[in-house]
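Note sheet for the following structure.
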Protein chains: 2
Amino acid sequence: MANRADALRDALEEEIVMGALRPGDRLEEPALAARFGVSRTPIREALLQLAGAGLIEIGPRRGASVAAIGPRRLVEMFDVMAELEAMCASLAARRASAEEIAAIREAHAACGAATRTSLDAYYYENEVFHERIRTASHHGFLIEQATALQKRLKPYRRLQLRVRGRMDASWAEHARVVDALAAGDAEAAAAAMRDHVVVQGARFTDLIVSMEAEAAP
Amino acid sequence: MANRADALRDALEEEIVMGALRPGDRLEEPALAARFGVSRTPIREALLQLAGAGLIEIGPRRGASVAAIGPRRLVEMFDVMAELEAMCASLAARRASAEEIAAIREAHAACGAATRTSLDAYYYENEVFHERIRTASHHGFLIEQATALQKRLKPYRRLQLRVRGRMDASWAEHARVVDALAAGDAEAAAAAMRDHVVVQGARFTDLIVSMEAEAAP
DNA sequence: CGGCACCTTCGTGTATACACCGATTGACCT
DNA sequence: AGGTCAATCGGTGTATACACGAAGGTGCCG
């Protein structure tokens, strides 16, 4: 739609997703307008779009602030994400072409290499891995929904990886998904992906601790 | 957020969902502003929110129009809806209280009565039935997502019921869901709900025909 | 008579101005 | 001195004004 409003939306989205703007931060229209050198109007439109995507929250007469997600809600969001990604995996197991399987294998290998590099490297390669599986589902609407939800969860996924050993565990879980996809086993692929994404058991506690550690300073 | 913009959003949403505004209809800001007796500003905000919810589409320099969903995309949306509702049913099978099960049974009975009344009556009672199952899932975020998607599909669900015999078939499918819920069988509940919502086989063709019949005049 | 070009008009995109509401701060009263 | 009330200020919500671009209609030319 609007040229400027769209650009602003993308810019703000980037800042939120990448963590430059942290959950709870207030977004005041005059300040943003001055910062980007535009009037308040396109700022407001950008904010409304971000609110529609769930990245920020707008209260009546209280302005906008980056969506702050409580622990319970966060776990619920990962629940739904797990189901959507499981659906992607299930479809991909049946629909993926040989090239797509190869691309997924490649991304998996890159993840493996990244486990010996840095957390940030793994974070990035992990994104690629998941995205390729989603693409291989050949399900346009599902891809849209999963991608949208993934954006909202992006800041928190990085958090999850900080737990010691989580990166290696994550890579091992990926391996199970890859095997199931290669075997064309939709059920197994879905189950492996669901288990990989969902936050339960010990990982629930880990997440809570990470969130509190993040919120402290 | 905005008092007026919010009210306008609800009003327009109502008109879209209820079919007063049909897919493809253009929404011109000056016309809407005149009709509601407000300026263009809150109209624009309402439109942006509706676009965020996926109910309308906004093109660059082309204004807004009610989202026109093609057959393929529509089927995909029902696919995802089926998965979300299946998840609701699965959770409800494990979490629903005795009162909630009773409420679902009651809604099911109301649906049965409505099959002998009218299509519109069944349509309404069907909504109640599904909503109560969603509520019984006790999963806030899932409920939100499912409800949002259901709004987008509302106009087309009514379409589906027009197929001869679909109403009775739908009620029979509901019965399977209710039985599984009452038995606390999460797997069976999910499967029954998924089969109920998804559009496949003969129902795919039925939907296409209904859409073409609707688009003709 | 038909096609093309130009002009007019309408609609969107952005900026600016104004009104209302809430919050915060200072002063006054107890 | 502490609490409360009021006033001011900052920020959102709405309206209006203006500019750009697109689409459609009309007139002219082939």
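Hydrogens, waters and symmetry mates are skipped; everything else that's a heavy atom, side chains included, is used. Chain letters run A, B, ... following the sequence lines, proteins first and then strands; every chain starts at 1.
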Could you state the atom-to-atom distance from [atom1] of [X] to [atom2] of [N] in whole Å?
{"X": "A:Ile58", "N": "D:dG11", "atom1": "CD1", "atom2": "P", "result": "16 Å"}
{"X": "B:Glu45", "N": "D:dA15", "atom1": "CD", "atom2": "P", "result": "10 Å"}
{"X": "A:Ile43", "N": "D:dT14", "atom1": "CD1", "atom2": "C1'", "result": "18 Å"}
{"X": "B:Asn3", "N": "C:dG22", "atom1": "CG", "atom2": "P", "result": "11 Å"}
{"X": "A:Asp6", "N": "C:dG13", "atom1": "CG", "atom2": "P", "result": "10 Å"}
{"X": "A:Leu48", "N": "C:dT14", "atom1": "CG", "atom2": "P", "result": "14 Å"}

Extract all donor-acceptor atom pairs below 3.5 Å that involve side chains of residues 156-165 of chain B and protein atoms in other chains or at least two apart in sequence.
from: B:Arg157; atom 1: NH2; to: B:Glu85; atom 2: OE2; distance (Å): 3.4
from: B:Arg162; atom 1: NH2; to: B:Glu214; atom 2: OE1; distance (Å): 2.5

Among residues at least two apart in sequence or on other chains, which ones pass side chain to side chain contact (heavy atoms under 4.5 Å, CB included) with B:Asp25?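 B:Asp25: side chain to side chain contact (heavy atoms under 4.5 Å, CB included) contacts with B:Leu21, B:Arg22, B:Val66.
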By side chain to side chain donor-acceptor pair (under 3.5 Å), which residues pair with B:Glu28, not counting sequence neighbours?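 In terms of side chain to side chain donor-acceptor pair (under 3.5 Å), with neighbours along the sequence ignored, B:Glu28 is linked to no residue.
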With B:Asp79 via side chain to side chain donor-acceptor pair (under 3.5 Å) - residues at least two apart: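 For B:Asp79 the side chain to side chain donor-acceptor pair (under 3.5 Å) partners, ignoring immediate neighbours, are A:His139.
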Kindly give the atom pairs (protein nitrogen or oxygen, nucleotide nitrogen or oxygen) under 3.5 Å for nucleotides 8-12 of chain C.
from: C:dG11; atom 1: OP1; to: B:Glu28; atom 2: OE1; distance (Å): 2.9
from: C:dG11; atom 1: N2; to: B:Arg61; atom 2: NH1; distance (Å): 3.4
from: C:dT12; atom 1: OP2; to: B:Glu29; atom 2: N; distance (Å): 3.3
from: C:dT12; atom 1: O2; to: B:Arg61; atom 2: NH1; distance (Å): 3.2

Would you kindly say whether B:Gln150 and B:Glu127 are connected by a side-chain donor-acceptor distance under 3.5 Å?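 On atom types as modelled, these side chains qualify, holding a pair under 3.5 Å.
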D:dA15 phosphate, OP1 or OP2, under 4.0 Å from B:Ser39 side-chain N/O: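 Yes, within the criterion.
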Could you go through residues 88-96 of chain B and list every donor-acceptor pair under 3.5 Å that involves a side-chain atom there, pairing it with any protein atom two or more places apart or in another chain?
from: B:Arg95; atom 1: NH1; to: B:Ser137; atom 2: O; distance (Å): 3.0
from: B:Arg95; atom 1: NH1; to: B:His138; atom 2: O; distance (Å): 3.2

